[in-house]
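The analysis underlying the following values was restricted to heavy atoms, covering all of them including side chains, and did not include hydrogens, waters or symmetry mates. Quick caveat: nothing in here was measured; it's all calculated off a predicted structure.
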Amino acid sequence: MDEQQERRGGGPQTWWRHGPPGWSRWVDEEHAPRWPWRSTLLITFFVLAGSNFAAEGQGDSREHLDPFARVLLFVASGLLLWRKRYPVVVVFGTSVAATLYLGAGYPYGPVFLAVAMACFNAILLGHRKAAWAAVGVFWVGHALVAHWLYQWLPPSGDSAAPWGQEGVIAAWVAAIVAVSELARTRREQWAKERAERAQAARRRADEERLRIARELHDVLAHSISVINVQAGVGLALLDTDPEQARTALTTIKAKSKEALGEVRQVLDTLRAPGDAPRTPAPGLDRLPELVEQAASAGLTVEVEGEPPRLAPGTDLAAFRIVQEALTNVVRHSGSRHARVHLDHDDRTTLRLRIDDDGPATGADAGGSGNGLAGMRERAAALGGTIEAGPRADGGFRVLAVLPLKTAHEVKEDR
């Protein structure tokens, strides 16, 4: 549900969990900082205009704004232009400029905003101790001016500030640091969640790529092996038995058409993810077709046992395992006879055993050697196992043990 909200533009819950839309751009600026012209100009204008307004409200109790005061205000806010590139320099420079401004007796006003912005930025970019030290310097400087240095600093005749005012300043500083730390924590959490989602997306893409590779390999390997065998038969009998050669060519045409259809089905799934496939995925109910295809390649297949009712994923995996095992017999075994044995208990597992009598021919018929790996991946994806290897009597055996129900289906039953 959250992912759907995120794709549709996000809602309040998505915003809080994964960050506001512009937050990732802020994070990227840490690695490729830009010049924040607009925000700096806005803050500078607000500080200068707000200080003029504050000066009118505080009357003769503070010094009037003169050119030096305006220079300090401009420096304190203008330094924010470099806050992405030099956050430590900016936070100390802003704090010192604000301290000098207040120490010179100028009116209280929005100069505090520049200090808060510089502190927030420094903490957000990871310079926490520098930000704490800078605002600490600002607070200590203000305390010294308000309770000791005021005797020698303007405005003349000024008295010590009440300690309650220092408590307000201390609370203001603590609030800035707390908000900045909270923002930094949330930012790190959002960055971690984005990295986890990106890693999960890459993992899903890798799994899908492997699945497609297995499907294409199983489809093409089986069909091309039959085509290869029939092409050899056709070439051998072209002159001596044209009718038999014609039969071989007919088989080649039928198998190539079938292979193209199955490849097209896989590609259609790629082009329109999420859509229902136009044709159902193959399953063990198509074992007779496999037997006929193997017979056209000169291989006699004997099937023992009846397949149980299986979930679509398990049914497809079982079919592909039998298909790949028979393809390997056609390509690699000198035997022209294979046996497929199906056995299952009523609740847990399906056992597939494919045997041939050998011996191995050593011919690969252009194969890539990925057939056994693909079978193991299919079985492992369902929580099953594959054992494959030569038998003591010289033949070869593939034994697959697959669960009748996936882990998800078992949980639903419970």
Engineer: Indicate yes or no: at least one non-hydrogen side-chain atom of Val173 is less than 4.5 angstrom from one of Ile176.
Structural biologist: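 The answer is no, as the side chains (C-beta and beyond) never meet within the 4.5 Å cut-off.
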Engineer: Mind checking whether Pro308 and Leu350 have side chains closer than 4.5 Å, heavy atoms only?
Structural biologist: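 When only atoms from C-beta onward are counted, Leu350 and Pro308 do touch, with a gap below 4.5 Å.
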Engineer: If you look at every heavy atom in Val340 and Val301, which pair is closest and at what distance?
Structural biologist: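 The pair with the smallest heavy-atom distance is CG2-CG1, 3.9 Å.
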Engineer: Taking the side chain as everything from C-beta on, heavy atoms only, tell me whether Leu402 gets closer than 4.5 Å to Arg378.
Structural biologist: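 In short, these two side chains do not touch, never coming nearer than 4.5 Å.
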Engineer: Does any part of the side chain of Arg70, heavy atoms only, come nearer than 4.5 Å to the side chain of Phe74, both counted from C-beta?
Structural biologist: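 Counting from C-beta outward, Phe74 and Arg70 never come under 4.5 Å.
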Engineer: List the atom of Val177, the atom of Cys119, and the distance in Å for their closest heavy-atom pair.
Structural biologist: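 Between these two residues, the closest heavy atoms are CG2-SG, 4.4 Å.
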Engineer: Determine, step by step, whether Leu287 and Leu290 satisfy the side-chain contact (heavy atoms from CB on, under 4.5 Å) criterion, reporting the C-alpha distance in whole Å, the side-chain angles of both residues, the deciding distance to 0.1 Å, and the verdict.
Structural biologist: CA-CA 5 Å; Leu287 270 180; Leu290 281 183; 4.0 Å; yes
Engineer: Tell me whether the rings of Trp35 and Trp37 are parallel (<30°), tilted (30 to 60°) or perpendicular (>60°).
Structural biologist: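 Correct class here is tilted.
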Engineer: Can you find a pair of side-chain heavy atoms, one from Leu65 and one from Tyr101, that are under 4.5 Å apart?
Structural biologist: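 SC-SC contact between Leu65 and Tyr101 confirmed.
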Engineer: Might you confirm whether atom CD of Glu306 has over 12 heavy atoms from other residues, nucleotides or ligands at distances under 6.0 Å?
Structural biologist: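 No, because the 6.0 Å sphere around CD of Glu306 holds 12 heavy atoms or fewer from other groups.
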Engineer: Is there a side-chain contact between Leu113 and Phe46, using heavy atoms and a 4.5 Å cut-off?
Structural biologist: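 They are in contact (side-chain heavy atoms under 4.5 Å apart), so the answer is yes.
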Engineer: Can you measure from CG (Asn121) to OG (Ser180) and round to the nearest 0.5 angstrom?
Structural biologist: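 Those atoms lie 9.5 Å apart.
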Engineer: Hey, can you tell me if Tyr106 and Phe68 have their rings parallel, tilted or perpendicular (30° and 60° cut-offs)?
Structural biologist: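 Rings of Tyr106 and Phe68: tilted, 30 to 60°.
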Engineer: Please name the residue in the list Leu73, Leu42, Asn52 that meets the side-chain contact (heavy atoms from CB on, under 4.5 Å) test with Val47.
Structural biologist: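 Of Leu73, Leu42, Asn52, side-chain contact (heavy atoms from CB on, under 4.5 Å) with Val47 is met by Leu73 alone.
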Engineer: Counting C-beta onward and ignoring hydrogens, is there a side-chain heavy-atom pair between Leu284 and Leu342 closer than 4.5 Å?
Structural biologist: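 Contact flag for Leu284/Leu342 side chains = yes.
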Engineer: Only one of Ile354, Asp356, Val398 clears side-chain contact (heavy atoms from CB on, under 4.5 Å) with Leu326; which?
Structural biologist: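 Answer to the side-chain contact (heavy atoms from CB on, under 4.5 Å) test with Leu326 among Ile354, Asp356, Val398: Ile354.
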Engineer: Would you say that more than 12 heavy atoms from the other residues, nucleotides or ligands in this model lie under 6.0 Å from the CD of Gln199, or not?
Structural biologist: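 No, because the 6.0 Å sphere around CD of Gln199 holds 12 heavy atoms or fewer from other groups.
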Engineer: Of all the heavy-atom pairs spanning Ala54 and Gly109, show the shortest one and how long it is.
Structural biologist: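 Looking at all heavy atoms of both residues, the closest pair is CB-CA, 4.2 Å.
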Engineer: To the nearest 0.5 Å, tell me how far Glu304 CD sits from Arg353 CZ.
Structural biologist: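 Output value for this atom pair is 7.0 Å.
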Engineer: Nearest 0.5 Å, please: how far is CG in Asp315 from CG in Leu404?
Structural biologist: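 Here the rounded value is 11.0 Å.
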Engineer: Does the side chain to side chain donor-acceptor pair (under 3.5 Å) test come out yes or no for Arg320 and Gln323, once each step is laid out?
Structural biologist: CA-CA 5 Å; Arg320 293 301 189 199; Gln323 183 183 52; 3.0 Å; yes
Engineer: Please report the closest heavy-atom contact between Phe319 and Gly283, naming both atoms and the distance.
Structural biologist: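 In this case the closest contact between Phe319 and Gly283 is CD1-O, 3.1 Å.
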Engineer: Atom NE2 in His127, atom CZ in Phe92: separation rounded to 0.5 Å?
Structural biologist: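 The CZ atom of Phe92 is 11.5 Å from NE2 of His127, to the nearest 0.5 Å.
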Engineer: Taking atom CH2 of Trp172 and atom CZ of Phe138, what is their separation to the nearest 0.5 Å?
Structural biologist: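 Reported value, rounded in 0.5 Å steps: 5.0 Å.
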Engineer: Distance from Glu196 atom CD to Arg194 atom CZ, nearest 0.5 Å?
Structural biologist: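 Spacing of CD (Glu196) from CZ (Arg194) equals 11.5 Å.
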Engineer: Contact between Arg83 and Leu79 at the side-chain level, heavy atoms closer than 4.5 Å - yes or no?
Structural biologist: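 No. Closest side-chain heavy atoms not under 4.5 Å.
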Engineer: Just to verify, which of Arg397, Arg339, His341 counts as forming a side chain to side chain donor-acceptor pair (under 3.5 Å) with Asp355?
Structural biologist: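 Filter result, single survivor: Arg397.
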Engineer: Determine, for Glu188 against Arg184, whether the closest basic-nitrogen to carboxylate-oxygen distance falls under 4.0 angstrom.
Structural biologist: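 Judged by the 4.0 Å cut-off on N to carboxylate O distance, Glu188 and Arg184 do form a salt bridge.
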Engineer: Show the nearest heavy-atom pair for residues Ile386 and Met375, with the distance to one decimal.
Structural biologist: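 Distance-wise, the nearest heavy atoms are CG1-O, 3.6 Å.
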Engineer: Which heavy atom of Ala97 sits nearest a heavy atom of Ala76, and at what distance?
Structural biologist: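 Minimum heavy-atom separation between Ala97 and Ala76: CB-CB, 3.9 Å.
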